[in-house]
Amino acid sequence: MASVYKIIIIVGFISLFHAAFSAAQHRSYLRISSLEFTTLPLDIVIQAVLSLFAVMWGVLNVSGQLREIPAAAKLNLIKWENQMNISSFYSFNHRGRGLAYNYGADPCKDVMESLE
């Protein structure tokens, strides 16, 4: 069934391209015949609008199932403990150690010396 919608998309794009080419030809015809441009002919406008709607309808059917807009719908499935657990934001080398009141050069070394 998706192949039918893909064919509709292809035909719609070809028709839209044809409408654009017809509009350009109409403008060049008006320049050659020194007529003033007022509007496009009705058949070109109708072809462009119908082919645009055909392309949109085909794309909506090919794209698959749409998701909900609110992000909370996906976040409700995640447990509370894991929501803020973003390991890429972990930082172990920061200046907080140097600004601490009881900062030791190597806390692991102090612990190892106290065990000996």
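What you see is a predicted model; the values in this text were computed from it and never measured.
When hydrophobic clusters are built by joining Ile, Leu, Val, Met, Phe, Trp and Tyr residues whose side-chain heavy atoms come closer than 4.5 Å, directly or via intermediates, I32 is not grouped with F37. Residue F21 is not grouped with residue V45 when hydrophobic side chains (ILVMFWY) are merged at heavy-atom distances under 4.5 angstrom, including chains of intermediate members. Under a hydrophobic-cluster definition in which Ile, Leu, Val, Met, Phe, Trp and Tyr are linked whenever side-chain heavy atoms come within less than 4.5 Å, directly or via other members, F53 and W57 are assigned to different clusters.
Taking the six-membered ring for Trp and thresholds of 30 and 60 degrees, H26 and Y29 have ring planes inclined between 30 and 60 degrees apart.
Checking side-chain atoms of S15 against main-chain N and O of V11 turns up no donor-acceptor pair under 3.5 Å.
One finds the OG atom of S51 at 10.0 Å from the CE atom of M56 (value rounded to the nearest 0.5 Å). To the nearest 0.5 Å, atom CG of residue L60 and atom CD1 of residue I9 are 9.0 Å apart. Annotation: the span from I44 atom CD1 to H18 atom NE2 amounts to 8.5 Å, rounded to 0.5 Å. Taken from CD1 in I8 to CD1 in I10, the straight-line distance is 11.0 Å, to the nearest 0.5 Å. Taking CZ from F13 and CG from L52, the interatomic distance works out to 9.0 Å, rounded to the nearest 0.5 Å.
Looking at every heavy atom in both residues, A23 comes nearest to L40 through CB-CD2, 3.8 Å.
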